[in-house]
Structures are given as structure tokens and as C-alpha cells.
J.: 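Next up is a structure, given as C-alpha cells.
These numbers come from the heavy atoms of this one structure, side chains and all, not from hydrogens, waters or symmetry mates. In listed order, ligands and their atoms are each counted from 1.
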Amino acid sequence: MNIILLGPPGAGKGTQAAKLVEERDMIQLSTGDMLRAAKTSGTEMGKKVAAIMDAGELVTDEIVIGLIREKLQGEKKGGFIFDGFPRTLPQADALGQLLAEQGETLDAVIEMQVNDEVLVGRIVGRAEEARKAGQPARADDNEESLKIRLMEYYKKTSPLIGYYWAKGDLKTVDGLASIDEVSEQIANILG
Ligand code: AMP
């Protein structure tokens, strides 16, 4: 089973993906995590994307499609959870093609619905928690980058909701419910 978790930054995609990894032996493919790893290890690609990510803008489709292509060729376990990918229509088209090449299907696109005020609160809270724990906060978890990340979401990613609805793949969960309630809603969709 291969699924997409779709929603703005702070909707809880990463949290739910981690639970699915544990409960269903699925593989989480987070392009954000892959890009942060490249940034930290200082690869050429990491250096190229660092400033773009810190600003809250999207990196090129070519880079993230390349990352996903590589992972789809690896082990599949209980299936893939796409977390933070696709984020643009060309990425969505590319994912469809890559899956088809692997003889795989997309089984559900789960939209995590939230509202903007709650999002901003969650993300600012995430930065605050990191600070208290003496850990470095994500470089893009600040108000300036957040505004840009939200704008990128509405301009470039939210059209995917209509795209997958038209394909008949879209399912919606209430991202404002508790973590366990959201998991339950997802479990009901996945069966
Ligand atoms: P995330 O952890 O998913 O919030 O991603 C953090 C940052 O990585 C984003 O703000 C973008 O700069 C970049 N990024 C992650 N996934 C993508 C993607 N699919 N397309 C373009 N940029 C991405």
C-alpha cells in the first residue's frame, strides 16, 4: 500500500507517518528529512538547497523527484508513505509515472485538514520546545519563513487537493483532532 500524506506545514504529517511506520511496517519518504540530511552532511546538493530551505521556499522539482526516484528503487516493506512530497503538480505527475514504472499503485491520498491559526501556533510551539530542550530549532521554524512556507503551500501544493480529488484518490481527515483520533481516522481509510 502506498499513500500520500498531504497538508500544510505543521498539519502533523510527520507524526502520523512515524506511527504508520511502527504499526504497518511502512517506509516514510520525507523529502524534507532527506534534504535536511543533505544539508547537514554538506553534500553539493545540500549546499545548493540550504538557503532556499531556510527561507521557506520550495527546492526544484528536479531535485526532489531525483531523491524519490532513488528511494522507490530500494526496499518496499509495507509500502511507502509520501510525506511532504509531492508538493507541486509536476511532482505529482512524476510520482504517478515513477510508481507505474515500478508496477506500484497509489492507494490513497490523505489530506490532513487544519486551520492556519492553529498551524502557526504549532510551528512556533515546535521551535519553543526545541529551544527549551536545548536542541537547535529547525532553521525554517520562525515566523518569517513560516509565512513563506504557508504561501508556497497555498500557491503550489493546495492545487493537488483538486488533482487527487479528480483522480478519485482523495480522502480527508481532521488534522485538528488529537494524534490518536487522527490515527484512527487514517486506519479507517486504510482498512
Ligand atoms: P518539510 O520538512 O516537509 O516541511 O520540508 C522542509 C523544506 O524542504 C521545505 O520548506 C522545502 O524547502 C523543502 N522541501 C521538502 N519537500 C519538498 C518538495 N517536495 N518540493 C520542494 N521542496 C521541498
J.: Which option out of E57, M34, R87, M53 puts a heavy atom nearest to atom 1 (P) of ligand 1?
T.: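 Among E57, M34, R87, M53, the closest heavy atom to atom 1 (P) of ligand 1 belongs to R87.
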J.: As an exercise, state the distance from CD1 of I3 to CG of L20, rounded to the nearest 0.5 Å.
T.: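 Going from CD1 on I3 over to CG on L20, the span is 5.0 Å.
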J.: Does ligand 1 have a heavy atom under 4.0 Å from the side chain of R138, from its backbone, from both, or from neither?
T.: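 The side chain, only.
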J.: Check for me whether R36 has a heavy atom closer than 4.0 Å to any atom of ligand 1.
T.: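 Contact check R36 vs ligand 1: positive.
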J.: Report the part of V64 in contact with ligand 1, treating N, CA, C, O as backbone and CB onward as side chain, heavy atoms under 4.0 Å; options are side chain, backbone, both, neither.
T.: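 Just the side chain.
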J.: Using 4.0 Å as the upper bound for N to carboxylate O, is an ion pair formed by R149 and D141?
T.: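 Here D141 pairs with R149 in a salt bridge, since their nearest N and O are under 4.0 Å apart.
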J.: For Q91, counting its heavy atoms only, list the atoms of ligand 1 lying under 4.0 Å from any of them.
T.: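 Ligand 1 atoms under the 4.0 Å threshold to Q91: 18 (C), 19 (N), 20 (N), 21 (C).
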J.: What is the nearest protein non-hydrogen atom to atom 22 (N) of ligand 1, stated with its residue, atom name and distance?
T.: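 Closest protein heavy atom to atom 22 (N) of ligand 1: V59 N, 3.1 Å.
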J.: Could you find the nearest protein heavy atom to atom 16 (N) of ligand 1 and give me its residue, atom name and distance?
T.: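 Protein heavy atom with the smallest distance to atom 16 (N) of ligand 1: T31 OG1, 2.8 Å.
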J.: Can you tell me which residue among I110, L95, L170 is in a side-chain contact (heavy atoms from CB on, under 4.5 Å) with I4?
T.: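 It is L95, the one option of I110, L95, L170 that forms the side-chain contact (heavy atoms from CB on, under 4.5 Å) with I4.
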J.: If we count only N and O atoms by modelled type, under 3.5 Å, do the side chains of Q102 and K76 hold a donor and an acceptor together?
T.: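 Judged by distance alone, the side chains do pair up.
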J.: Hey, is CD1 on I148 packed in by over 12 heavy atoms from elsewhere, all under 6.0 Å?
T.: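 Count over threshold, so yes.
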J.: Would you mind running through ligand 1 and noting each atom that sits below 4.0 Å from a heavy atom of L35?
T.: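 What qualifies from ligand 1 is 8 (O), 13 (C), 14 (N), 15 (C), 23 (C).
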J.: Does either side chain, that of Q113 or that of T172, offer a donor lying less than 3.5 Å from an acceptor on the other one?
T.: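 Looking only at side-chain atoms, T172 and Q113 do not form any donor-acceptor pair under 3.5 Å.
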